[in-house]
Amino acid sequence: MHENRTVQTKNGDSIILRPALVTEAEDLLNAFKEILPTSPYILSTVESAATKTVETQVKWITAANEDPRSALIIAEHQGRIVGITNMAAFKDSKRSHRAGLGMSVHHDYRGRGLGEALLRRLIEVAQTLEGLRFLELNVMSANKVAHRLYLKLGFKQIGYQELAYRQPDGTFTDDICMCLDLTARP
Ligand SMILES: CC(C)(COP(=O)(O)OP(=O)(O)OC[C@H]1O[C@@H](n2cnc3c(N)ncnc32)[C@H](O)[C@@H]1OP(=O)(O)O)[C@@H](O)C(=O)NCCC(=O)NCCS
């Protein structure tokens with residue numbers, strides 16, 4: 001499993017980036033529920049998160065920590081979970097060199113470099129995983145902040161689908177598919 005790292009945000013907070021513990025399943029669920037109302041561009045919704053249980057979180061954390069082709073990294077500040085990123089490789093052999101990722105930062109901590117630090121750490125961990133070549137993701141075109149972050153860290157746009165997402169208010173958003181070739185990075 002990956003090691004702990006400490007990073008400084010732009011406003012000087014010291015944040016620990018580390019694996020999540022199964023004993024933190026409830027805290028992780030609560031942190032995610034807190035992040036959701038200010039994250040309209042991720043697939044989970046307040047309603048879908050309400051159906052998640054501590055048991056499902058325990059399974060998720062265990063799978064991420066035990067599977068050598070997955071990783072779950074949390075950002076901790078003063079005992080509080082303020083950011084989450086994860087990746088998981090496809091299980092079938094023909095796509096096992098590709099892993100999908102997700103990430104979110106608590107709204108109080110955005111715009112301070114934490115998202116970038118989390119993603120840089122995830123990429124670093126991905127580069128140590130045997131046989132993994134691509135990190136990939138889907139981002140809603142309206143999610144300018146995330147799109148810019150991914151471009152900044154070297155992800156390339158490899159696909160585009162119009163009207164791929166329908167928001168609760170009935171408006172549609174396009175999908176941008178992005179990919180990072182881990183072998184093309186130093
Ligand atoms: C996307 C997200 C993880 C970014 O985290 P963050 O901590 O706010 O980002 P950072 O402060 O590290 O900024 C990194 C880069 O993102 C972009 N960015 C950050 N804030 C931005 C803003 N307000 N406007 C435009 N770009 C912005 C910039 O490229 C920035 O680099 P720069 O500082 O050199 O300009 C965060 O906004 C979030 O959790 N959003 C809700 C969940 C979500 O949408 N997740 C992604 C799903 S695909």
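Hydrogens, waters and symmetry mates are skipped; everything else that's a heavy atom, side chains included, is used. When a ligand or atom number is given, it counts from 1 through the structure's own listing order.
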**Request:** Give a yes or no on whether atom 13 (O) of ligand 1 lies under 4.0 Å from any heavy atom of the protein.
**Result:** no
**Asked** Which bit of Arg110 is near ligand 1, meaning a heavy atom under 4.0 Å away: side chain, backbone, both or neither?
**Response** both
**Fill in**
If you compare Asn143, Val145, Leu149 by their heavy atoms, the one closest to atom 18 (N) of ligand 1 turns out to be Val145
**Request:** Indicate yes or no: at least one non-hydrogen side-chain atom of Arg5 is less than 4.5 angstrom from one of Ile73.
**Result:** no
**Prompt:** Do ligand 1 and Glu116 have nitrogen or oxygen atoms that lie under 3.5 Å from each other?
**Reply:** yes
**Fill in**
Atoms of ligand 1 under 4.0 Å from any heavy atom of Arg112, numbered from 1 in the order shown, are 11 (O)
**Asked** Applying a 4.0 Å heavy-atom criterion (strictly less than), which segment of Lys10 is in contact with ligand 1: side chain, backbone, both, or neither?
**Response** side chain
**Prompt:** Is any side-chain heavy atom of Val145 closer than 4.5 Å to a side-chain heavy atom of Arg110?
**Reply:** no
**Fill in**
A student checking ligand 1 against Ala146 at a 4.0 Å heavy-atom cut-off should list atoms 1 (C), 46 (C)
**Request:** Check each atom of ligand 1 against the heavy atoms of Ile42 and keep those under 4.0 Å away; list them by number with element.
**Result:** 42 (C), 43 (C), 44 (O), 45 (N), 47 (C)
**Item:** Thr62 (side chain) donor-acceptor with Val58 (main chain) under 3.5 angstrom
**Value:** yes
**Prompt:** Can you tell which of Gly102, Pro40, Gly111 gets a heavy atom nearest to atom 8 (O) of ligand 1?
**Reply:** Gly111
**Complete:** re atom 35 (O) of ligand 1, the protein heavy-atom contact at minimum distance is Arg148 NH2, 3.5 Å
**Prompt:** Does some non-hydrogen atom of the protein lie less than 4.0 angstrom from atom 27 (C) of ligand 1?
**Reply:** yes
**Asked** By number and element, which atoms of ligand 1 are closer than 4.0 Å to a non-hydrogen atom of Ser39?
**Response** 41 (C), 42 (C)
**Asked** Looking only at N/O atoms, are Asn138 and ligand 1 under 3.5 Å apart anywhere?
**Response** no
**Prompt:** Quick one: does Lys144 get within less than 4.0 Å of ligand 1, heavy atoms only?
**Reply:** no
**Asked** Should the pair Arg95-Glu136 be classified as a salt bridge under the 4.0 Å nitrogen-to-oxygen rule?
**Response** no
**Request:** Taking the side chain as every heavy atom from C-beta outward, state whether Asp67 and Lys91 have any pair of such atoms under 4.5 Å apart.
**Result:** yes
**Message:** Could you check whether any side-chain heavy atom of Leu118 comes within less than 4.5 Å of a side-chain heavy atom of Val7, counting everything from C-beta outward?
**Reply:** no
**Asked** Should Glu116 and Arg120 count as an ion pair when the cut-off is N to O under 4.0 Å?
**Response** yes
**Message:** Under a 4.0 angstrom heavy-atom cut-off, which atoms of ligand 1 come close to Ser104?
**Reply:** 39 (O), 42 (C)
**Request:** Tell me which part of Leu137 gets within contact of ligand 1: side chain, backbone, both or neither, using heavy atoms under 4.0 Å.
**Result:** neither
**Item:** His2 and Arg121: side chain donor to acceptor below 3.5 Å
**Value:** no
**Prompt:** When rounded to the nearest 0.5 angstrom, what distance separates CD1 in Ile123 from CG in Leu153?
**Reply:** 5.0 Å
